[in-house]
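Values below: all heavy atoms of this structure, side chains included; hydrogens, waters and symmetry mates excluded. What you see is a predicted model; the values in this text were computed from it and never measured.
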Amino acid sequence: MAPKAQKSPNDQKKGKKKAKQPLLVAEEEEPMNMESMGHPEIYPLVLTTKTQEIFNCRADEDFTDEQTYKLIKKEDILADLLNRAAVSDFHPVKKIVREYPGDELLLVYDKDFKYGLNFYLIGTEEGKENFLKTPEVPEEQEEPKEHGPEDTHVYKPPVSKPWVSLGSEKEIEEESVKESKRRVTYMISRKRSQFGAPVAFRDQNASSVKDAYIECASYVDKNYTLTQAEKDIGLQVIPEVKGTSTQTRWAFPRNATTQYYPREFSEEEKESLEQSKSLVDFLNNVSTSVEIALQQNEIMNTFINDWKNLAEEESTFGDKSDTHLKEYQSFTDLHSTMEKMITCVSWHPTIYGLIVVSVAVRLSYEERVHFSGKLLLQPSLILFWSFSDPIHPQLMLESPDDIFCFEFCPSDPNIIAGGCINGQVVLWDITAHADRIENIKTGGSRSKKATLKPMFLLEPDSNKEAMYIRHCAVSSIENGHRKVITDIHWLPDSFEINRMGSVFENRSGINCQLVTCSADCTICFWDIRPLKPTSTAATNAAATTTATATTNNNTNSQQPVAEKKKEETIEIPFDVPSTFLHLDLSWKPLSRIKLSKGETSLDHCPTKLSLGEDPLLCRIQGTSSIHVLQKDKMLNQIRALKAAEINPYHNLEAGLANMLKPIDDFCTKFFVGTEEGEVIYTDWKMERDSETGRFMPKKPVNLYTVHDGAVHTVQRSPFYNDIILTIGGWNVAIWKEEVMTGPLLQTCCAPKRYTAGHWSLTRPGVFYIGREDGYVDIWDLLEKTHEPAQSQNICITMITYIKPWTFSTKQQFIAIADYYGTLHILEIPWTLSHPSFNEVSSVNYYFEREVRHLEYVQQRKLIRDQEKKEMALELVKKKTKIYSKSKEHLEAELKLEYESYVELEKAVLFSLGLGKASEKGPYMEMI
């Protein structure tokens, strides 16, 4: 080994400048080769620009893609190592160069950095020869290049070459899997005589036979113990944590008492204090203030929280402490053998604590047909529930079929009208059983005085049995509705209508007409009075004397068949009143309306309707203490009238002889909800058809499709008669009468389908909506208009009906019926029953603002339509103007365009320095 060259001061300076020289390896270190890749003869190197200039091996100049190697003399490399010592780029392979047997070493340019650096040196003669032989091409393969192009595609078979090992065998051997453990050998033997013998298996207790039970318990085998070579451990520097607990000593408790006596002054001390001047002066000074304080305590309560009273009005609106409905009572018919649901709910108009529900069997149409025989044996009922007895109904009204809607008569609450699933209208008269349901007690005796008393304050009468009451009259099944009646209403007692739908003053002064809608696409008006005044005289006389009625048909009296049946009588059951005997099985609608769909022959299918006035809400419901007093006064007047005079419904022919007085300027329009989710604003008054001359229903005034399901609620607000709430499908809409542009409010789709709804009776901006999952959404328009103010779960099944009721100014209830036949009575909290200050005017302002918003949207829509028309007209004018231009105009326009182009060309040429601004362009010179 040659002695180490000493560095001169200049060489040290050069070493400092070349601080970026890579890999200054110490002399004793072994040079890096590619033995791991199977090429131990290759040594990668980094040659700087200066080294490349010294040995004439510059990249991309001396080395190209065709010439990638160069032979460098060993003497030149040793001279460079002697001159530059450790700074030389060949210093890492100094030992390989000195021990190289040949005179020239092969340096290869590694353009693709295959071995990690830009050059590599081959350190053996054998490797140099293998590298130089590899790229040589045999002469027989170079001969086709000298011939023409037709010989270039001649196929030449490959020539076999000797295998040149590059070290891949070592890699294969390292990656191959070899068995490192000794295999375990097992020998299983059996007697030769047992081969092929039959085998019989049997059950045997292993523990009872010796050597029959072998337990294969796990054990540690040292031959297969694995040592853990590597383990990941995570450490966290934390203080030491110690858990300790203490237990106090428990002593047995003992009762102990202590008696003490007050410390009193002695007689001498008392006399000295009474005669002391300080005590007299103190009493004289404080006596006046104590008297004033006592007087103030007598005048006012000093313990009243004035701040709380000051904020009482504000706290009652939006207070989160009392906003949920509270369960008060529930009713379930436990005596029914079939599963039924509640279809309609109504509070008794005059008796507090009495609620009436109609029930129907939970069957589809196909199931009803299948179980029709069994359904005939089950009575269809309307149940009267009392708060005093939540298990036994007070009354049960029988009907021909299941009732889906009913309503109390506003003039006489003992008259009830209902609609059946088969399309018939049923009437009941429960006047004979009024004392039973009123259950008014004064002291220990009964009294018929009109004194209202809550039913739930009375004790239930356990001896009282449920009473079944038959209906008084039922409509003709041939002339009535063909399908289920979905809604029924009494017309107000202020007017009546005739067959043409014209409005007149009510001659009887009581509610005598009904309106019903059905799934058979018809709306019918009914009149409970006889068609002729003399038709019921004989009937009433026979009913009051012998409980029979003699029918006398004056129109058919001339026919011989009528003469034979003249003396026949109709037997009346003793428990059925004869109030509406003249209507039974012959009652026909007074007028019938069909909602046509326009050009097609189809009709709309109405489900709910709302007239201009709701008599129950307008006459009985109240929103303040004044309204409650008026309601009590009206109820007392009704009681006194019934006690003093004859029931007007027992003399319905009275007043029929009076002349009909028409009412001018009466609004005959009403809202209808359909099965397809449409809301229709139409007129019940008929008009004469110009072609046929017959009276036909008018076409709907407006039709809106806003709901995505059947409409099941169409109700007017108890505060604003022109505001209507409609609920159907998955959304809610609020309308204003005479506003034809659309709904004032239309909510987005709810997560579950809506099934019932009702306005609040005391707060104008609140309404309740029932869902199919048993939740009730409570909307408050003064708090939120895009989502419910709150949602509360009531039951686990679909809610079928919602009906609130005001018991007093301090207490309100809401009845919620579900699909399983349970009626839930809940108490409405203070915040939802008491309106805030000026809430009526605030909600009214909200509705007026929405009306102005709709008007603005409509105006903008008209403006946009007008703008579109104007733009279309301008486009048409431009097209026609282009076609109407003359030949001279077209030539003039083309000339102007060409001149502007020439000017632009001059400017471009001048900017490029190819001409002057005054010179003419080449196109102009050509012209």
Side-chain angles (χ1 to χ4, degrees), residues 327 329-347 355-372 374-385 390-393 395-407 416 418-424 426 466 468 483-488 517-519 607-608 673 675 709-713 727-729 752-758 768-776 793-804 814-826:
E327 185 78 23
Q329 185 67 276
S330 62
F331 301 96
T332 304
D333 186 11
L334 303 177
H335 305 285
S336 178
T337 58
M338 299 192 68
E339 297 178 349
K340 294 188 177 183
M341 65 177 178
I342 297 177
T343 57
C344 187
V345 179
S346 180
W347 295 85
I355 187 169
V356 186
V357 299
S358 60
V359 293
V361 181
R362 299 200 307 261
L363 296 177
S364 62
Y365 178 77
E366 292 78 8
E367 292 174 341
R368 282 181 175 272
V369 174
H370 182 69
F371 296 105
S372 58
K374 186 182 296 184
L375 292 177
L376 292 175
L377 303 177
Q378 295 292 330
S380 300
L381 303 174
I382 293 180
L383 307 177
F384 282 68
W385 291 104
I391 299 177
H392 303 92
L395 292 178
M396 290 186 285
L397 308 184
E398 294 181 342
S399 64
D401 211 334
D402 288 342
I403 298 294
F404 272 74
C405 58
F406 69 92
E407 191 176 53
I416 305 172
C420 294
I421 190 174
N422 61 357
Q424 289 180 297
V426 188
Y468 291 88
K483 293 184 180 181
V484 56
I485 297 177
T486 55
D487 201 7
I488 186 170
C517 66
S518 173
T607 55
K608 294 291 179 180
E675 195 174 24
V711 178
H712 51 74
T713 301
I727 304 172
K752 295 293 182 179
R753 184 169 55 91
Y754 289 147
T755 55
H758 204 286
Y768 310 92
I769 302 177
R771 304 190 323 204
E772 64 178 354
D773 58 349
Y775 277 79
V776 170
N793 180 257
I794 305 299
C795 53
I796 61 174
T797 183
M798 179 179 65
I799 293 175
T800 58
Y801 211 89
I802 294 178
K803 191 75 172 180
I814 183 170
I816 300 177
D818 62 15
Y819 186 70
Y820 287 162
T822 302
L823 180 65
H824 306 268
I825 307 297
L826 298 99

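With values rounded to the nearest 0.5 angstrom, I391 atom CD1 is found 8.5 Å from W385 atom CH2. The line from CG of L363 to CG of D402 is 8.5 Å long, rounded to the nearest 0.5 Å. Note that the CD1 atom of I816 and the OH atom of Y768 stand 9.0 Å from one another [nearest 0.5 Å]. For the atom pair CD1 of I825 and OG of S330, the computed distance is 8.5 Å after rounding to the nearest 0.5 Å. Rounding to the nearest 0.5 Å places OG1 of T343 at 6.0 Å from CZ of F404. Note that OG of S399 is 10.5 Å distant from CD1 of I421, once rounded to the nearest 0.5 Å.
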Fill in: From CA spacing to verdict: side-chain contact (heavy atoms from CB on, under 4.5 Å), M341, T797
CA-CA 11 Å; M341 65 177 178; T797 183; over 6 Å; no
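Nearest heavy-atom pair across A756 and T713 is C-OG1, 4.1 Å. Scanning both residues, K803 and W347, for their nearest heavy atoms gives O-NE1, 3.0 Å. Between I488 and E407, the shortest heavy-atom distance links the atoms O-OE1, 3.9 Å. When all heavy atoms of I485 and Q424 are compared, the closest pair comes out as CD1-O, 3.4 Å. In terms of heavy atoms, R362 sits closest to E339 at NH2-OE1, 2.7 Å. Counting all heavy atoms, side chain and backbone alike, H824 lies closest to C795 at NE2-CB, 3.9 Å.
For the residue pair T486/T607, the side-chain donor-acceptor check at 3.5 Å is not satisfied.
Every residue was checked against the side-chain hydrogen bond (donor to acceptor under 3.5 Å, both in side chains) condition with Q329, not counting sequence neighbours, and none meets it. Contacts of V356 classified as side chain to side chain contact (heavy atoms under 4.5 Å, CB included), with partners at least two apart in sequence or in another chain: I382, F384, F406, F408. Applying the side-chain hydrogen bond (donor to acceptor under 3.5 Å, both in side chains) criterion to R771, with sequence neighbours excluded, gives D773, D777. For S518, the side-chain hydrogen bond (donor to acceptor under 3.5 Å, both in side chains) partners are D520, not counting sequence neighbours. Evaluation of the salt bridge (charged side-chain N to carboxylate O under 4.0 Å, His left out) rule for D818 yields no partner, not counting sequence neighbours. Under the rule for a side chain to side chain contact (heavy atoms under 4.5 Å, CB included), the partners of T800 that lie at least two apart in sequence or sit in another chain are I342, M798, A817, Y819. Applying the ring pair (Phe, Tyr, Trp, His ring centres under 6.0 Å) criterion to Y801, with sequence neighbours excluded, gives no partner residue. For the side-chain hydrogen bond (donor to acceptor under 3.5 Å, both in side chains) test, no residue two or more places apart in sequence or in another chain qualifies with E675.
Using modelled atom types, no side-chain atom of T332 and backbone atom of T822 make a donor-acceptor pair closer than 3.5 Å. Put simply, the side chain of S380 never gets that close to the backbone of I403: no donor and acceptor are under 3.5 Å apart.
With contacts defined as side-chain heavy-atom distances shorter than 4.5 Å, the pair V359/D333 does not qualify. At least one side-chain heavy atom of L397 sits less than 4.5 Å from a side-chain heavy atom of I416.
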